[in-house]
Amino acid sequence: YAYLRREFQLEMTDYCVRYFLLIENAPPTTRVYVNDQHLADGGSIQALQIDITDYVSLGANKIHFRVDCNTDRSCRFHAVTLLQVACEEV
């Protein structure tokens with residue numbers, strides 16, 4: 001397996017927000033974890049958007065990807081982004 005781990009900080013906002021993890025492209029064997037909670041599996045991921053609001057908190061947070069690279073498929077990620085969206089836009 002290949003692992004990618006990142007930490008990020010969330011600061012208090014003056015308005016209600018929801019947080020989404022947007023993955024433009026990930027290998028089909030990807031497993032996605034936020035703060036040690038398993039949130040999604042690959043399959044045939046081309047683009048994936050996950051609402052992670054209920055799994056994050058103010059301060060330090062972790063994102064963890066696990067990919068089985070022993071397949072014929074690539075282990076490359078493209079454009080992993082954390083989106084902050086105002087609640088009234090959701």
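Atoms OG1 and CZ, from Thr30 and Phe65 in turn, are 8.0 Å apart once rounded to the nearest 0.5 Å. Rounded to the nearest 0.5 Å, atoms CG (Leu83) and CG (Asp51) are 10.5 Å apart.
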side-chain contact (heavy atoms from CB on, under 4.5 Å) evaluation trace for Tyr19 with Leu82: CA-CA 7 Å; Tyr19 295 96; Leu82 179 64; 4.2 Å; yes
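Note on Tyr33: it does not cluster hydrophobically with Leu21, by side-chain heavy-atom contacts below 4.5 Å among ILVMFWY residues.
Of all heavy-atom pairs between Phe20 and Val85, the closest is CD1-CG2, 3.9 Å. Contact detail for Val56 and Val34: the closest heavy-atom pair is CG1-CG1, 3.8 Å. When all heavy atoms of Leu58 and Met12 are compared, the pair lying nearest together is CD2-N, 3.7 Å. Minimum interatomic distance between Thr13 and Gln84 (heavy atoms only, all atoms of both residues): CG2-NE2, 3.7 Å.
The shortest side-chain heavy-atom distance between Leu22 and Leu48 does not fall under the 4.5 Å cut-off. The shortest side-chain heavy-atom distance between Ile63 and Val80 does not fall under the 4.5 Å cut-off.
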Identify each donor-acceptor pair in which a side-chain atom of residues 1-10 lies under 3.5 Å from a protein atom, sequence neighbours left out, and give them as a table.
none

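Between the side chain of His64 and the main chain of Arg66, no donor-acceptor pair closer than 3.5 Å is present. The backbone N or O of Arg18 sits nowhere less than 3.5 Å from a side-chain atom of Thr53 that would complete a donor-acceptor pair.
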